[in-house]
Amino acid sequence: MKQIIVIGGGAAGMMAAITAAKAGAEVMLLERQPRVGRKLLATGNGRCNITNKYTKSSNYHGNKPNFVNYALEKFCVDDTVDFFSSIGLVVKFEPSGRAYPYTDQAGSVVDVLRFEMERLGIKVKCDCTVRSMTRKKDFVLDTTEGKLTASAVIVAAGGAASAKLGGTSLGYEILGAFGHEKTKLFASLVQLKTDTAIIRALKGIKTDASVKIVSKRGKVIAESVGEVLFTEYGISGPAIFEVSRNAVGCTAVLDLMQEYSLSTLEQMLTQRKNARPNTTLEEYLTGMLNKRIGQCALKYAGLALSRNAGTLNRDEVERVARSIKSFELAVTGNTGLENAQVTAGGILTEDFDPSTMESKLVKGLYAVGEVLDIDGDCGGYNLQWAWSSGHLAGHLLAKKG
Ligand SMILES: Cc1cc2nc3c(=O)[nH]c(=O)nc-3n(C[C@H](O)[C@H](O)[C@H](O)COP(=O)(O)OP(=O)(O)OC[C@H]3O[C@@H](n4cnc5c(N)ncnc54)[C@H](O)[C@@H]3O)c2cc1C
């Protein structure tokens, strides 16, 4: 019987371990934290967005994003849902395509995976960190619990993002010792730092907006619609996470009333000033936009809030409409890997076989999940990659016998 060690008890590692054990291998899973699935518990705001009905290869990034194709085809969204149903998890889809456990509790996902590992007799060692690994005939793992050996190893150690939830560079180091190089790491699905002078008064306010990230050359490189949260350092919230990859150095353009065209907005603003000409600009947009956001937009348009609405000329009304439809903030940075949901960059995928996840440099060595140079968009795509890659490696490795 094949003896396999899986390094990492996150999404990809648990899926790989379960699949390998189901296919007949003897599996040991090593997790450096006191429990498996710690990061999973925090996913989807505690609800765990396990996949997305509309998953396609264009949702993935990295030097070779097509690397995901085979794994996603072999273990697709439907397979993921069937797998979770088979281990007792009821899955629901939201109209956006995002899938969650019916319980809305990420803990349910971790629990069913834990129970399945137990049922299959997988040896799970928590509080066990793999410090390094070498190879003689078998792989020899130097762990905090002593030396362990295995004929094959699946590295599912995740990425460096979100260290407080278990993110670490250990996976890169373990694979690096076998000649695997990594690309530059950077934060994705992360809060953005922007000019704060104009938005300082908006700290803590949430609003729905459409967001475009515009490069220095004026090209729209990402867009999304959803909730934006103003913070002391800039902007956050789901709509910002979605466009955060590569946003540094660009401009975030917020449309604060995306349902209305510029000309409709101009008409509304004109009617508004004509109906109540003696209202000061401080209250001009009250009832139309969040009060503080409205005041901020007027300041952004360069207008003194002490003026009366009736004094606005046509150009000024147009300027107000434009500041609501195109509220621009220069993106000066992001809050870093520490606060990111996902690591962009990672171990070079070209040194792995996409149809098995096995290293092309070292037979019997596999890597799955976020440790590789693959990162997905916001919306369940990162977990789908973890499930698909973990399944592929676990299944084929065990079958190899
Ligand atoms: C706050 C937050 C919310 C998120 N929400 C979503 C979401 O809703 N949907 C989605 O698709 N994605 C989400 N993501 C991203 C997603 O969680 C990750 O992409 C995914 O968990 C990666 O799976 P993985 O198994 O590769 O790595 P991980 O889940 O990070 O698991 C790796 C495991 O390996 C262990 N480990 C590392 N090195 C060693 C070692 N040397 N020895 C032993 N153990 C080791 C770590 O402790 C960890 O438990 C979110 C991420 C964060 C941080």
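First listed ligand is number 1; within each ligand, the first listed atom is number 1. Keep in mind that the numbers below use all heavy atoms, side chains included, and drop hydrogens, waters and symmetry copies.
- Side chain to side chain, Thr251 and Glu328 fail the donor-acceptor criterion of an N or O pair below 3.5 Å.
- A distance of 8.5 Å separates CH2 in Trp385 from OH in Tyr60, rounded to the nearest 0.5 Å.
- Checking Leu254, Leu256, Leu202, Leu229 one by one against Thr207, the side-chain contact (heavy atoms from CB on, under 4.5 Å) holds for a single residue, Leu256.
- No salt bridge links Lys273 with Glu316; every basic N to acidic carboxylate O contact stays at or beyond 4.0 Å.
- Test Thr311, Leu298, Asn308 against Leu281 for side-chain contact (heavy atoms from CB on, under 4.5 Å) and you get one pass: Leu298.
- A salt bridge is defined here as a Lys NZ or Arg NE, NH1 or NH2 lying under 4.0 Å from an Asp or Glu carboxylate O, and Lys291 with Glu282 fails to meet this definition.
- The immediate protein surroundings of ligand 1, defined as residues with any heavy atom under 4.0 Å of it, consist of Ile7, Gly8, Gly9, Gly10, Ala11, Ala12, Leu30, Glu31, Arg32, Gln33, Lys39, Ala42, Thr43, Gly44, Asn49, Cys128, Thr129, Val130, Ala156, Ala157, Gly158, Ser162, Leu165, Gly166, Thr168, Leu170, Ile174, Gln341, Val342, Gly369, Glu370, Gly380, Tyr381, Asn382, Leu383, Ala386.
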